[in-house]
Engineer: 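After the structure tokens below, expect a handful of questions from me.
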There are 2 protein chains.
Amino acid sequence: MIGRALRLLDAFDAERRELTLSELARRADMPLSTAHRLLNEFCAWGAVERNDKGLYRIGLRLWELGSLAPRGPGLRETALPFLEDLSLITRENVQLAVREGTEVVFVERIAGSGAVPVLTRVGGRFALTATGVGLVLLAHAPAEVQEDVLGSPIDRYTANTVTDPSRLRRMLADTRSNGFSISDRQVTMDSLSVGAPIRDRHGAVIAAVSLVVRHGSTTAHALAPLVRTSGQAISRALSA
Amino acid sequence: MIGRALRLLDAFDAERRELTLSELARRADMPLSTAHRLLNEFCAWGAVERNDKGLYRIGLRLWELGSLAPRGPGLRETALPFLEDLSLITRENVQLAVREGTEVVFVERIAGSGAVPVLTRVGGRFALTATGVGLVLLAHAPAEVQEDVLGSPIDRYTANTVTDPSRLRRMLADTRSNGFSISDRQVTMDSLSVGAPIRDRHGAVIAAVSLVVRHGSTTAHALAPLVRTSGQAISRALSA
DNA sequence: GCGGGCTTTCCGGAAAATGGAAGCTGTTAG
DNA sequence: CTAACAGCTTCCATTTTCCGGAAAGCCCGC
């Protein structure tokens with residue numbers, strides 16, 4: 001049963017990157033001896049490693065494997081220079097994300113020099129409904145996914161989070177027709193994000209880029225052309 | 001037996017990111033039915049996924065997990081802006097790598113605009129003995145690792161690759177005293193790389209940065225101060 | 001519509017995982 | 001100094017689970 005072994009790896013997260021055997025066993029809800037044996041096997045293969053204190057952590061081998069994951073063909077590498085440009089010009093937070101199922105997965109994130117602290121993390125997940133990138137990805141997701149998301153209760157993060165399905169539908173329609181999305185204080189009350197689509201050579205939306213700025217510092221509509229242009233530039237580079 | 005399941009994941013590599021069931025079974029040397037069942041379990045968990053054609057590939061979930069791997073605390077994120085700077089200034093290839101066992105693992109790589117094509121890849125591995133980053137990492141590795149590497153036959157890539165242990169020892173000593181390493185046409189006959197160490201707050205070398213340029217375009221000694229400075233800047237940023 | 005390659009399902013035998021318990025190690029307290 | 005403790009590692013009999021051959025689907029291209 002491999003699922004059990006994978007539960008162990010699930011025990012790791014951004015806050016807890018290094019765990020003791022007992023913590024792992026507790027979090028994965030299995031006897032210590034079992035956890036111990038499984039971890040030894042993972043160690044032997046390089047999926048996890050132990051630091052000098054004996055704590056377990058995710059191994060480089062797993063990172064290598066993960067870097068083979070298809071986040072578009074070379075998406076991150078291609079997009080990186082454009083994201084840096086955006087970051088240099090605006091000095092704000094830039095994010096690159098893809099959709100997986102009914103969630104956003106953040107693929108790259110560049111922290112602006114004097115920007116709002118933002119709670120997402122590379123490799124992190126978030127609901128599709130609240131963020132700038134999420135709205136873009138949802139707006140261009142298969143109908144099935146949209147129905148699934150809009151049909152389920154929608155997480156609220158702030159007083160501004162839009163949780164009404166019909167209002168969301170309108171926002172998605174706007175996003176499609178405008179070519180950019182706006183998430184105004186939907187995630188935290190002091191931030192606002194503007195997202196734009198990134199398309200493959202066939203025009204299908206495969207990722208999204210966004211700027212996250214402090215609410216009030218700039219208007220969303222001032223940022224939109226910048227983000228849109230960036231998304232288009234990345235799309236073009238991907239097709240080349 | 002988890003090792004068997006992991007062998008299956010090993011079948012993926014940079015060239016073969018999407019594989020059929022039969023290919024996977026063949027490469028991992030196991031019966032189709034076994035491979036099939038294991039892959040189903042992996043799919044259920046998100047470690048692998050299937051594209052529209054039914055081909056298997058590494059899943060985003062695995063990428064997420066991998067991004068928790070300790071490549072130094074925030075090494076990649078911290079170093080990225082400095083690497084971009086180097087790349088902008090020189091328009092050459094910039095690489096960031098760590099050591100794992102007796103190999104180099106490339107953690108980040110920025111392709112210069114008009115630079116030599118370089119055969120390494122983010123997430124890729126290479127011998128410690130040939131590259132600029134490798135020499136730095138080997139020069140500051142525990143004695144045990146050095147003996148292990150220098151005591152085994154050393155891979156040759158070009159006519160220039162240094163394979164003589166005593167000559168390598170001298171190069172490592174130079175690397176330590178100079179604060180940078182030079183790999184002159186040791187990997188390919190048209191490239192040269194200059195590496196410098198990145199240290200943690202205790203002064204221990206945890207990573208290396210390098211510039212890879214076309215042989216003859218610049219002298220290594222002209223690049224060295226640039227790379228060294230960059231390495232030191234990253235070290236400082238890491239300690240902050 | 002038929003042949004070949006690929007994928008999926010099934011099931012009895014066999015092998016490998018399980019987890020309780022006991023021994024170990026290093027740490028803190030008395 | 002040693003005793004209690006918490007976490008780590010090893011052991012082994014039990015039994016669950018995985019293994020993989022075989023056969024049945026499923027698609028294509030011919």
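So that the names make sense, note that chain A is the first sequence line, chain B the second, and so on, each numbered from 1.
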Engineer: Decide, yes or no, whether a salt bridge links A:Glu108 with B:Arg76 under the criterion of side-chain N to carboxylate O below 4.0 Å.
Structural biologist: yes
Engineer: Using a strict threshold of under 4.0 Å (side-chain N to carboxylate O), is an ion pair present between B:Arg61 and A:Glu100?
Structural biologist: no
Engineer: Report the residue (A:Arg37 or B:Glu23) whose heavy-atom-nearest nucleotide on DNA chain C is the more 5′ of the two.
Structural biologist: B:Glu23
Engineer: Reading DNA chain D 5' to 3', which nucleotide is the first, and which the last, to come under 4.0 Å of any heavy atom in chain A?
Structural biologist: D:dG7 to D:dC18
Engineer: In this structure, which one of B:Leu38, B:Leu39, B:Leu55, B:Leu32 forms a side chain to side chain contact (heavy atoms under 4.5 Å, CB included) with B:Leu24?
Structural biologist: B:Leu39
Engineer: 5'-most contact on DNA chain D: A:Ile2 or A:Leu21, nearest heavy atom basis?
Structural biologist: A:Leu21
Engineer: Is it the case that over 12 heavy atoms from other parts of the model lie below 6.0 angstrom from the CZ atom of A:Arg176?
Structural biologist: yes
Engineer: State which residues pass ring-ring contact (aromatic ring centres under 6.0 Å, His included) with A:Phe106; sequence neighbours excluded, sorted by chain then number.
Structural biologist: none
Engineer: Under a 4.0 Å heavy-atom cut-off, which of residues 24-36 of chain A touch DNA chain C?
Structural biologist: A:Pro31, A:Ser33, A:Thr34
Engineer: Within a radius of less than 6.0 Å around CZ of A:Arg156, do more than 12 heavy atoms belonging to other residues, nucleotides or ligands occur?
Structural biologist: yes
Engineer: Short of 4.0 Å, heavy atom to strand atom, which residues of residues 47-59 of chain A count as contacting DNA chain D?
Structural biologist: A:Arg50, A:Tyr56
Engineer: Using a 4.0 Å heavy-atom cut-off, does A:Arg4 contact any base of the nucleic acid, only the sugar-phosphate backbone, or nothing at all?
Structural biologist: sugar-phosphate
Engineer: Using 4.0 Å as the upper bound for N to carboxylate O, is an ion pair formed by A:Glu147 and A:Arg169?
Structural biologist: yes
Engineer: Which ring-ring contact (aromatic ring centres under 6.0 Å, His included) pairs, counting each pair once, include a residue from residues 122-154 of chain A, with sequence neighbours left out?
Structural biologist: A:Phe126-A:Tyr157
Engineer: List the atom pairs, with distances to 0.1 Å, where a side-chain N or O of residues 42-50 of chain B and a protein N or O form a donor-acceptor pair under 3.5 Å, not counting sequence neighbours.
Structural biologist:
| from | atom 1 | to | atom 2 | distance (Å) |
| --- | --- | --- | --- | --- |
| B:Trp45 | NE1 | A:Asp10 | OD2 | 3.0 |
| B:Glu49 | OE2 | B:Arg57 | NE | 3.1 |
| B:Glu49 | OE2 | B:Arg57 | NH2 | 3.2 |
| B:Arg50 | NE | B:Gly54 | O | 3.2 |
| B:Arg50 | NH1 | B:Tyr56 | OH | 3.4 |
| B:Arg50 | NH2 | B:Gly54 | O | 2.7 |

Engineer: Closer than 4.0 angstrom, basic N to acidic O: yes or no for B:Arg71 and B:Glu77?
Structural biologist: yes
